[in-house]
Colleague: 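I have a structure here, written as structure tokens, and I will follow up with some questions on it.
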Amino acid sequence: MIQNKMETVLVSGGAGFIGSHTCEKLIQLGYRVLCIDNLNDYYDPRFKQQNLAKLKKSKSFSFYKADICNRSEMGKLFSKNRIDRIIHLAARAGVRPSIEDPGLYAKVNISGTINLLEEARKNSIKYFVFGSSSSVYGNCREVPFSEDMQLDRPISPYAATKKAGELICYAYHHLYNINISCLRFFTVYGPRGRPDMAPYKFLSRIAEGIPIDMYGDGSTSRDYTYVADIVDGIIASMERLDGYQIFNLGNSNPITLSEFIAVIESVTGKQAVIKREKMQPGDVDTTYSDITKAARMLGYRPKVQFREGISMMYDWLKNHDKR
Ligand SMILES: NC(=O)c1ccc[n+]([C@@H]2O[C@H](COP(=O)([O-])OP(=O)(O)OC[C@H]3O[C@@H](n4cnc5c(N)ncnc54)[C@H](O)[C@@H]3O)[C@@H](O)[C@H]2O)c1
């Protein structure tokens, strides 16, 4: 476990949703943070600029606009900076767009991950955290999902790239003795949430009386996890890296789509206008994390209940979202 908080942590994807919260917490804890992000337009890059504006106020924070797929750019960046640990969150996220452009997902999520692992190897960086996803569980019938399940049935290119990322991480651990934790995040929500995800879309649309698309009959469920809880898990895993580990970071409390909409109606005080659509290809029926391993090894204990988290996200949307 590290105690030297003057270490420098490279956070890839640090301008994004989870990344910006992670950078903020690292700075609060006394780490130096080097953030790399290519600020792509998967969603409006002004979201990312706003996330960065806050972080740039700290002297402990530096930002490089760089693409993890660009090997020479990565090489230069690593040779110019002393980096002690890597938290790798940069990725093409989103299940449905990965069906449209699987090649891009493979390039960023697999080759980009290899580029960072290569830099870790060349620069003798022994600590690496990889942002994986609950989507690797596919349509697993056995719940809750636990890390020791054998998984080889991803149902989207995105899920397949995240599983591939975990596998390549294992190979680098085995070959070069890099300590690596792969963290399977379960539907993360909260302030600065991604505008392509249901919590943001539904909150903003229901609040404004705009119809929402409801896929399926409302019985699908997600193990929504508040971003501050995820960040606590990311940092605990970074500080306790030992060998190769996979951890679920979830809330272990799935919420059905119908319940989700009902909570948003109650928080916003508005009734949803619902357009019913059929289930989308690539979408899983349920996600449900078993978090006993993360609790035991990382002291991970999610604190924020769903209604409370949605209410905090709504406050952020009302007060800070001027986009
Ligand atoms: N949000 C969730 O619910 C969730 C769930 C499971 C896994 N994840 C994973 O967590 C990580 C962070 O997700 P997020 O929700 O914060 O998404 P995000 O899109 O907000 O953040 C990802 C960031 O990576 C950057 N990026 C993408 N490609 C890049 C490249 N080639 N070079 C440099 N930067 C690049 C993007 O510009 C973005 O700022 C991702 O790896 C994602 O797959 C997220």
Side-chain angles (χ1 to χ4, degrees), residues 10-24 34-52 55 63-71 73-74 77 86-95 97-98 101 103-116 119 129-137 145 154 156-166 169 182-201 222-227 229-231 233-234 246-251 284 287 289 309 313:
L10 179 141
V11 181
S12 76
F17 167 39
I18 302 174
S20 64
H21 282 278
T22 304
C23 292
E24 192 174 350
L34 197 158
C35 164
I36 55 176
D37 200 298
N38 69 349
L39 306 180
N40 67 55
D41 63 358
Y42 168 63
Y43 58 83
D44 189 341
R46 283 178 299 173
F47 278 66
K48 301 171 189 184
Q49 296 285 10
Q50 288 187 9
N51 295 342
L52 283 177
L55 295 165
F63 173 65
Y64 290 86
K65 185 167 188 270
D67 188 335
I68 58 165
C69 298
N70 185 329
R71 280 166 63 187
E73 202 171 19
M74 287 302 108
L77 200 141
I86 297 172
I87 299 178
H88 172 36
L89 302 173
R92 283 286 165 162
V95 167
S98 77
D101 195 351
L104 175 65
Y105 276 68
K107 181 175 164 207
V108 177
N109 298 1
I110 305 177
S111 302
T113 298
I114 294 175
N115 290 346
L116 291 186
E119 291 305 327
V129 174
F130 172 61
S132 185
S133 165
S134 61
S135 64
V136 301
Y137 288 103
F145 302 159
S156 68
Y158 170 69
T161 64
K162 285 292 175 184
K163 179 68 182 162
E166 293 183 355
C169 281
C182 298
L183 308 178
R184 294 177 179 165
F185 304 143
F186 284 68
T187 320
V188 189
Y189 72 101
R192 296 182 227 155
R194 276 193 359 233
D196 62 314
M197 290 182 66
Y200 184 100
K201 278 193 198 160
R222 292 289 176 273
D223 194 5
Y224 293 99
T225 311
Y226 192 69
V227 66
D229 288 325
I230 290 284
V231 170
I234 294 173
I246 293 177
F247 292 108
N248 286 338
L249 294 184
N251 202 42
V284 299
T287 65
S289 61
M313 187 171 178

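Along the sequence shown, the residues carry numbers beginning at 1. The model shown is predicted, which means the values in this text are computed figures rather than measured ones. Every number for a ligand or one of its atoms is a count from 1 in the order of the listing.
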Colleague: Looking only at protein heavy atoms, identify the closest one to atom 27 (C) of ligand 1 and say how far it is in Å.
Modeller: Asn40 ND2, 3.1 Å
Colleague: Using a strict cut-off of 4.0 Å, indicate which atoms of ligand 1 neighbour a heavy atom of Ala90.
Modeller: 24 (O), 26 (N), 34 (N), 35 (C)
Colleague: Taking distance alone, with N or O pairs closer than 3.5 Å, would you say Ser134 contacts ligand 1?
Modeller: no
Colleague: Say whether, by atom type as modelled, one donor and one acceptor occur between the side chain of Tyr105 and the main chain of Ala93 under 3.5 angstrom.
Modeller: yes
Colleague: Is Arg194 in contact with ligand 1, taking contact as a heavy-atom separation below 4.0 Å?
Modeller: yes
Colleague: Is any N or O atom of Ile18, backbone or side chain, closer than 3.5 Å to an N or O atom of ligand 1?
Modeller: yes
Colleague: Does ligand 1 have an atom that lies less than 4.0 angstrom from a heavy atom of Ala66?
Modeller: yes
Colleague: What atoms in ligand 1 come closer than 4.0 Å to a heavy atom of Gly13?
Modeller: 23 (C), 24 (O), 25 (C)
Colleague: Do you see a donor-acceptor pair shorter than 3.5 Å between the side chains of Arg184 and Ser133?
Modeller: no
Colleague: Hey, is Tyr43 one of the residues with a heavy atom under 4.0 angstrom from ligand 1?
Modeller: yes
Colleague: Between Leu116, Thr187, Ile68, flag the one that comes closest to atom 32 (N) of ligand 1 by a heavy atom.
Modeller: Ile68
Colleague: Under 3.5 Å between any N/O of Ala15 and any N/O of ligand 1: does that happen in this structure?
Modeller: no
Colleague: Just let me know how Tyr189 lines up against ligand 1, side chain, backbone, both or neither, with a heavy-atom cut-off below 4.0 Å.
Modeller: neither
Colleague: Side chain or backbone of Asn109 under 4.0 Å from ligand 1, or both, or neither, by non-hydrogen atoms?
Modeller: neither
Colleague: Are Asn248 and Tyr137 close enough that a side-chain donor and a side-chain acceptor fall under 3.5 Å?
Modeller: yes
Colleague: One residue to check: Tyr158. Relative to ligand 1, which of side chain, backbone, both or neither has a non-hydrogen atom less than 4.0 Å away?
Modeller: side chain
Colleague: Would you tell me which option among Ala93, Ser132, Gly131 has the nearest heavy-atom contact to atom 7 (C) of ligand 1?
Modeller: Ser132
Colleague: Testing the 3.5 Å rule here: is there a donor-acceptor pair between the side chains of Asp196 and Tyr42?
Modeller: yes
Colleague: Within the 4.0 Å heavy-atom shell around Val188, which atoms of ligand 1 are there?
Modeller: 1 (N), 2 (C), 3 (O)
Colleague: Quick check on Lys162 - does any of its heavy atoms sit under 4.0 Å from an atom of ligand 1?
Modeller: yes
Colleague: Pick, from Thr113, Asn38, Val108, the option with the minimum heavy-atom distance to atom 34 (N) of ligand 1.
Modeller: Asn38
Colleague: Which atoms of ligand 1 sit under 4.0 Å from any heavy atom of Ser133?
Modeller: 6 (C), 7 (C)
Colleague: Give the atoms of ligand 1, by number and element, whose distance to some non-hydrogen atom of Leu39 is under 4.0 Å.
Modeller: 37 (O)
Colleague: Return yes or no for this condition: an N or O of Phe17 is under 3.5 Å from an N or O of ligand 1.
Modeller: yes
Colleague: Considering only heavy atoms of Asp67, which atoms of ligand 1 have at least one such atom less than 4.0 Å away?
Modeller: 30 (C), 31 (N), 32 (N)
Colleague: Can you confirm, on distance only, whether ligand 1 has an N/O atom lying under 3.5 Å from any N/O atom belonging to Phe185?
Modeller: no
Colleague: What part of Met197, side chain, backbone, both or neither, has a heavy atom within less than 4.0 angstrom of ligand 1?
Modeller: side chain
Colleague: Please list the nearest protein heavy atom to atom 21 (O) of ligand 1 with its residue and the distance rounded to 0.1 Å.
Modeller: Gly16 CA, 3.6 Å
Colleague: Counting only nitrogen or oxygen atoms and a 3.5 angstrom limit, does Tyr42 reach ligand 1?
Modeller: no
Colleague: For atom 39 (O) of ligand 1, find the nearest protein heavy atom and state the residue, atom name and distance (0.1 Å precision).
Modeller: Asp37 OD2, 2.6 Å
Colleague: Among Thr225, Asp223, Thr187, which residue satisfies the side-chain hydrogen bond (donor to acceptor under 3.5 Å, both in side chains) criterion with Ser289?
Modeller: Asp223
Colleague: Run the salt bridge (Lys or Arg N to Asp or Glu O under 4.0 Å) test against Arg92 and tell me which residues pass, sequence neighbours left out.
Modeller: none
Colleague: With a 4.0 Å cut-off on heavy atoms, does Gly14 reach ligand 1?
Modeller: no
Colleague: Tell me whether Leu89 has any N or O atom under 3.5 angstrom from an N or O of ligand 1.
Modeller: yes
